Amino acid sequence: MRIVHTAVELAEIEPAGSGKKHGRRAVVMTMGALHEGHLALVRAAREAADQVVVTVFVNPLQFDDDADLERYPRDLDADAALLEPLGVDVVYAPSVEDVYPGGAPIVTVSAGTINDVFEGEHRPGHFDGVLTVVLKLMHLTRPDVAYFGQKDAQQVIAIRTMCRDLNVPVDIVAVPTVRDADGLALSSRNVQLSQADRADALVLSRALAEAEEVLAEGGPLSLALTVARAAFAEVPTVTPDYIGAMDPVSAVAVEGDYRGDVVIAVAARVGGTRLIDNVIARVGPREGVADA
Ligand code: PAF
């Protein structure tokens with residue numbers, strides 16, 4: 001496994017294979033502080049591609065809160081130790097100066113209306129920062145396919161939309177969320193939770209599971225969201241930013257008597273830590289299956 005820190009070194013690495021018949025290159029973009037969720041992305045990439053590049057870069061452009069950026073966990077040696085046994089070929093771990101040599105970029109990517117809802121609404125500028133760095137990292141790593149975690153459902157939608165709208169020739173694969181045995185979605189931010197916070201944080205996955213159950217039994221979306229909100233109301237130490245449902249392709253908010261596939265998404269503050277989680281579900285019967 002080669003660890004490189006500059007775009008120049010990265011550019012010198014040839015794709016696997018030779019000549020016109022070079023193999024498939026996959027990228028897994030991360031901000032480090034790797035956990036089993038990231039490793040699931042790397043394993044999926046390793047299985048499907050000839051060459052796997054992992055990027056480790058805490059992107060200042062996507063943080064709307066300086067304190068959050070400051071305390072984001074960073075440990076490249078620990079990350080590399082997790083990646084090496086998985087057969088990763090290249091780790092690109094650049095400095096901020098290497099990614100943004102002229103300082104903050106003048107030209108950036110806009111997530112458009114995806115900025116108006118859910119994470120976009122609560123973290124102004126976040127998705128513009130994500131899309132700008134993702135596009136740059138795609139140019140720098142030149143992948144055929146990129147793997148992202150379904151836990152960041154709206155991020156996956158934003159990246160797919162960017163690739164479609166700007167003709168970026170990279171396949172986007174979303175990998176299911178990895179959870180602890182008690183349901184908590186793995187996140188680099190979980191290390192910031194005290195023991196009491198961690199117990200409280202279980203309300204995120206519990207609320208989603210209860211909403212999912214309502215839909216599985218044929219209930220309406222409005223009831224599923226009511227049930228999820230009621231679960232949060234029982235844990236007053238956790239402050240939700242939102243509990244809602246979005247269209248899985250456009251991220252447009254849906255509610256009421258909507259029928260079809262949805263992402264039910266939640267974000268909440270637990271102590272000083274902000275967590276997100278989601279599930280993909282179906283409201284109403286699948287196509288071709290009549291109502292009972
Ligand atoms: O999901 C993340 O870790 C980040 O948003 C990403 C995609 C690596 C861009 O900085």
Side-chain angles (χ1 to χ4, degrees), residues 7 10 26-42 44-45 52-65 68-76 78-79 82-83 88 90-100 104-105 108-111 114-115 118-120 122-141 143 145-163 166 168 170-178 185-192 251 263 265 267 273-278:
L10 184 62
V27 67
V28 178
M29 297 179 190
T30 80
M31 297 207 298
L34 302 182
H35 52 65
E36 274 302 319
H38 298 107
L39 303 188
L41 306 182
V42 174
V52 177
V53 180
V54 175
T55 67
V56 177
F57 178 61
V58 181
N59 172 35
L61 228 59
Q62 69 189 74
F63 285 78
D64 52 323
D65 174 353
D68 189 25
L69 172 61
E70 192 70 24
R71 72 189 200 130
Y72 201 85
R74 295 162 170 89
D75 187 345
L76 182 59
D79 292 340
L82 291 171
L83 295 173
V88 169
V90 181
V91 175
Y92 173 51
S95 63
V96 173
E97 292 68 35
D98 197 60
V99 176
Y100 301 113
T108 57
V109 180
S110 165
I114 294 173
N115 284 325
F118 303 105
E119 286 302 284
H122 287 269
R123 302 185 66 190
H126 171 68
F127 283 126
D128 293 353
V130 168
L131 293 186
T132 300
V133 83
V134 166
L135 189 60
K136 282 173 72 83
L137 291 172
M138 281 177 175
H139 290 315
L140 290 164
T141 61
V145 56
Y147 289 76
F148 296 93
Q150 184 58 42
K151 187 172 84 66
D152 294 295
Q154 197 180 357
Q155 170 171 283
V156 173
I157 294 170
I159 293 168
R160 284 206 168 112
T161 307
M162 173 180 76
C163 291
L166 303 184
V168 183
V170 177
D171 294 336
I172 303 302
V173 178
V175 174
T177 302
V178 179
L186 297 195
S187 162
S188 302
R189 293 173 203 274
N190 289 356
V191 296
Q192 298 167 354
V263 178
T273 305
R274 188 173 181 281
L275 299 175
I276 61 172
D277 198 357
N278 70 84

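All of these numbers come straight from a predicted model, not from anything done at the bench. When a ligand or atom number is given, it counts from 1 through the structure's own listing order.
A distance of 10.5 Å separates CE in Met162 from CD1 in Ile114, rounded to the nearest 0.5 Å.
Of the candidates His38, Gln62, Lys151, His126, Gln62 brings a heavy atom nearest to atom 9 (C) of ligand 1.
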### Query
Can Val52 and Tyr147 be said to form a side chain to side chain contact (heavy atoms under 4.5 Å, CB included), step by step?
CA-CA 10 Å; Val52 177; Tyr147 289 76; over 6 Å; no

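Close approach of ligand 1 to Met29 is summarised as follows: ligand atoms under 4.0 Å from at least one heavy atom of the residue are 8 (C). Annotation for ligand 1: atoms under 4.0 Å from non-hydrogen atoms of Val133 are 9 (C), 10 (O).
Here the heavy atom of the protein found nearest to atom 3 (O) of ligand 1 is Met31 CG, 3.6 Å. Among all protein heavy atoms, the one lying closest to atom 7 (C) of ligand 1 is Gln155 NE2, 3.5 Å.
At a 4.0 Å heavy-atom cut-off, ligand 1 does not touch Leu137 at all.
Residue pairs that meet the side-chain hydrogen bond (donor to acceptor under 3.5 Å, both in side chains) test with at least one member in residues 125-140, sequence neighbours left out, are Asn115-Asp128.
Formation of a donor-acceptor pair under 3.5 Å by the Asn59 side chain with backbone atoms of Gly129 is found in this model.
Note: Tyr100 and Phe57 have tilted aromatic rings, judged against thresholds of 30 and 60 degrees for the angle between ring planes.
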